[in-house]
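As the structure is a computational prediction, the values presented were derived from the model and not from experiment. Letters A, B, ... are given to chains in the order of the sequence lines, protein chains preceding strands, and every chain is numbered from 1.
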Amino acid sequence: MDPLIELRGVAFGYGSFNVLDEIDLHLHPGQFVGLVGPSGAGKTSLLKLILTLLTPGEGEIQRVRPDLRITYVPQIETVDWSFPVTAEEVVLMGLDHRQNIWPWPRARERKRAREILERLEIGHLSERHIRDLSGGQQQRVFLARALVADPEVLVLDEPTTGVDVRSAENIFHWLTVLNREGMTILLTTHDLNMAAAHVPWVVCLNRRIVAQGPPQEIFTEEILSDAYKGNFIVLRQDDMIFVQQRPHPHGLKEVLPDPVEGGLPNHDNLEKAV
Amino acid sequence: MDVLFAPFQYEFFRNGTIAAVLVGGLCGLIGVYIVLRGMSFIGHGLSHAVFGGAVVAFILQFNFYVGAVSWGFIAALLINQTVRKTTISADAAIGVVTTASFALGVALISRYRRFSQSFDAALFGNVLGVTPTDIIVIIFVTLAAAFMIFFFYKQLLFTTFNTEVAQVYGIPTVWIETWFALILAAVIIAAVQIMGVTMIGAALVVPPITIRLLTDSFHRLMIYSTILGAVTGLIGMYLSFYMDVSSGASIVLLQAMLFCIALFYVAKIRNRGRLVETPVYGPT
C-alpha cells in the first residue's frame with residue numbers, strides 16, 4: 001500500500017544550523033506513529049514540515065494526494081487562553097469553511113460538533129470559555145476540532161504536555177480507539193511510558209532518525225541512551241515497558257555534604273561544597 | 001430637546017456626526033481583530049505611516065485617498081511580512097515601519113513649509129473639514145469592511161485565534177491577512193479627518209477592550225464593540241460642539257472614561273471577593 005506521506009532525504013535548518021538531517025520516513029494508512037526524542041531533537045519541526053508549514057532545505061515530502069485531509073492539534077502552550085471563544089466555537093473552526101459562506105453555523109454543523117464533544121465526554125462543557133476548562137478537557141476540545149474535519153491523518157504535537165496522568169491516559173485511550181477505527185495518527189511526545197503502552201510504532205529522533213520500530217524494539221537502554229545522550233533504565237514486565245532515566249551520574253552526594261540529620265545541609269557546609 | 005437638535009442646523013455638524021458614528025463603529029469593529037491579535041499599537045502606527053503617505057501624495061499632486069491608502073497598505077503588508085518571516089516582534093516591526101514613514105512626512109513638511117495648517121487638522125482631527133466626499137468615502141469603506149467581516153467571519157476568527165493552525169485547516173491566511181491590511185489602511189484613512197492621526201489608535205483599541213472586560217463571547221464582543229464605537233462617536237460630537245474641543249479628543253476621552261467605569265465595575269462589583277481575571281494582550 002502506498003504511504004500517505006513520504007519523506008525522502010529531508011533536511012531542515014534555521015539559519016546555518018540544521019535541526020533535521022537525512023530524514024526518511026513513511027506514514028502508511030492506519031499507522032499510529034509516535035515521535036520521541038529529547039528537546040531540540042527536531043520533533044515539532046518535522047511535524048511542521050509534514051504539515052507544509054515549513055519547507056525542507058533538502059529532500060522532498062510527498063503526499064499520496066494533494067487533497068489529503070490532515071488536521072493538527074498544536075502544543076497547548078501555543079493557544080491564547082484569554083481569546084473569547086467557547087469550546088463549541090473552537091470545534092466549529094475545524095469545519096470546511098467553503099461549505100458554508102454564512103458567518104453562523106448550520107444546525108447540522110452544530111449537531112456534528114456536539115456529537116464529537118459528547119463522544120469525547122465533554123459535551124456538557126460546550127458553552128464554557130476555553131480558559132475555564134482543565135488541561136485534559138482543553139486537549140480534548142482541540143482534539144474535537146481536529147476530528148470534526150473528518151481527517152485521514154491526525155497530527156498531534158505533545159498532546160499530553162501539561163495534563164495530569166489520568167487525563168494523559170484518557171487522551172491516549174481516545175487516540176487508540178480512533179486508530180482502531182482506521183485513522184492514521186502521528187504524534188510527538190516526551191512521555192516515553194505512555195508511548196510504550198499505547199503507540200505501536202515509535203520513531204526515535206535526534207536530528208536524525210536514530211531508530212524506528214515497535215516499542216519493544218526501540219525502548220532499549222542502548223537506543224534511548226544514544227538518542228537522549230543520557231543513561232536509561234528499561235524494565236519489562238509481561239507486555240509492559242517502563243522507562244526511567246538513571247539519576248545524574250555524579251549524584252547529589254558528591255556535590256553536597258551529608259545533610260544534617262532530619263534537615264537540610266547547614267549553610268557553612270553548603271558554601272564549602274559550592 | 002434643543003440641546004440635542006440645535007447643532008444639526010449646521011451642515012458641518014451633520015456631516016461630522018454621520019462621519020463620527022460610522023468611523024466610531026468601524027473602528028470598534030475592526031479593533032476587535034487588532035486587539036485579539038496583540039497588535040494594539042498597529043492603529044496608532046499605521047495612522048502615522050499614512051500621514052507620511054498623505055504628505056507625499058500632496059507633494060506629487062496625487063489623489064489623497066489613493067496615495068494614503070496605498071501607503072498604509074504597503075506599510076501594513078511590510079509589518080505582516082516582517083513578523084511572519086523574521087524573529088522581529090509585531091510591536092518592533094510596527095515601530096520601525098510606521099515611525100520611518102511618519103518621519104518622512106515630517107521631513108517633507110519641514111522642507112516645503114507651505115501646508116502645515118491642513119496637516120494640523122490631519123494630526124488632531126477637524127470636524128469642520130468633513131466634506132460630502134469624505135462621507136461617501138467613509139460609507140464605502142464601512143460597506144467594504146462589513147462585507148469582508150460578514151463573509152470571511154470564520155476565516156478571520158480562525159486566523160486571529162491561531163494563524164499557523166488555520167493554515168493547516170485550509171484557510172488562506174496570507175490572503176486573509178492581506179485583505180485585512182487593506183481594509184485596515186482604508187479604515188484609518190477614512191477616520192483621519194474626524195479622529196486625527198494621533199487619536200485613531202485609541203479609537204481602534206478602547207471599545208473592544210472595554211467590551212472584552214464584560215464578555216467572553218466573540219460575536220457579542222464584535223457587536224457591542226461596534227455599538228460602543230458608534231455611540232461614543234455620536235456623544236463625542238456633542239461634547240466637541242458644546243465644549244469646543246477637538247472631535248477626536250472628545251470621542252477618545254469619552255471612550256477612556258467608559259473603559260475606566262467598566263474596569264471599576266469588573267474589579268469592584270462583579271468580581272467582588274474573586275480574583276479578577278482580565279485578559280492580557282501583548283505583542284505576538
Which of the residues A/Arg69, A/Lys48, A/His129 is involved in the greatest number of heavy-atom pairs with chain B at under 4.5 angstrom?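 Option with the top pair count is A/His129.
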
[X] atom [atom1], over 12 foreign heavy atoms within 6.0 Å:
| X | atom1 | result |
| --- | --- | --- |
| A/Trp174 | CH2 | yes |
| A/Phe32 | CZ | yes |
| B/Phe140 | CZ | no |
| B/Tyr33 | OH | yes |
| A/Arg180 | CZ | no |
| B/Trp175 | CH2 | no |

Could you check A/Leu92 against B/Phe158 for side chain to side chain contact (heavy atoms under 4.5 Å, CB included), going step by step and ending with a plain yes or no? CA-CA 10 Å; A/Leu92 288 167; B/Phe158 203 166; over 6 Å; no

Flag side-chain contact, heavy atom, 4.5 Å: [X] against [Y]:
| X | Y | answer |
| --- | --- | --- |
| B/Leu36 | A/Pro84 | yes |
| A/Pro74 | B/Glu164 | no |
| B/Asn162 | A/Phe83 | no |

What part of B/Asp216 is in contact with chain A, defined as an atom under 4.5 angstrom from a non-hydrogen atom: side chain, backbone, both or neither? both

B/Ile171 versus chain A, the contacting section by heavy-atom distance below 4.5 Å: side chain

State the OG-CD distance between B/Ser217 and A/Glu89, to the nearest 0.5 angstrom.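 Taking OG in B/Ser217 and CD in A/Glu89, the distance rounds to 5.5 Å.
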
dist A/Ile101:CD1 -> B/Tyr153:OH (nearest 0.5 Å) comes out at 15.5 Å

Looking at B/Phe161 and A/Asp80, what are the two nearest heavy atoms and their distance? CE1-O, 3.9 Å

Closest contact, heavy atoms only, B/Gln167 versus A/Thr52: NE2-O, 4.5 Å

Would B/Val168 and A/Thr71 count as a side chain to side chain contact (heavy atoms under 4.5 Å, CB included) here? Give the steps. CA-CA 7 Å; B/Val168 176; A/Thr71 56; 5.8 Å; no

Between B/Tyr169 and A/Arg145, is there a cation-pi geometry (under 6.0 Å to ring centre, at most 45° from the normal)?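 Yes; both conditions hold, so A/Arg145 lies above the ring face of B/Tyr169.
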
Is A/Trp102 in contact with chain B via its backbone, its side chain, both, or neither, using a 4.5 Å heavy-atom distance? both

Between A/Leu95 and chain B, which part of the residue has a heavy atom less than 4.5 Å away: side chain, backbone, both or neither?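 The answer is neither part of A/Leu95.
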
Which is it for B/Val165 and A/Val79 under the side chain to side chain contact (heavy atoms under 4.5 Å, CB included) test, yes or no, and what are the steps along the way? CA-CA 10 Å; B/Val165 181; A/Val79 176; over 6 Å; no

Take the angle between the ring planes of B/Phe150 and A/Trp104 and call it parallel below 30°, perpendicular above 60°, tilted in between. perpendicular

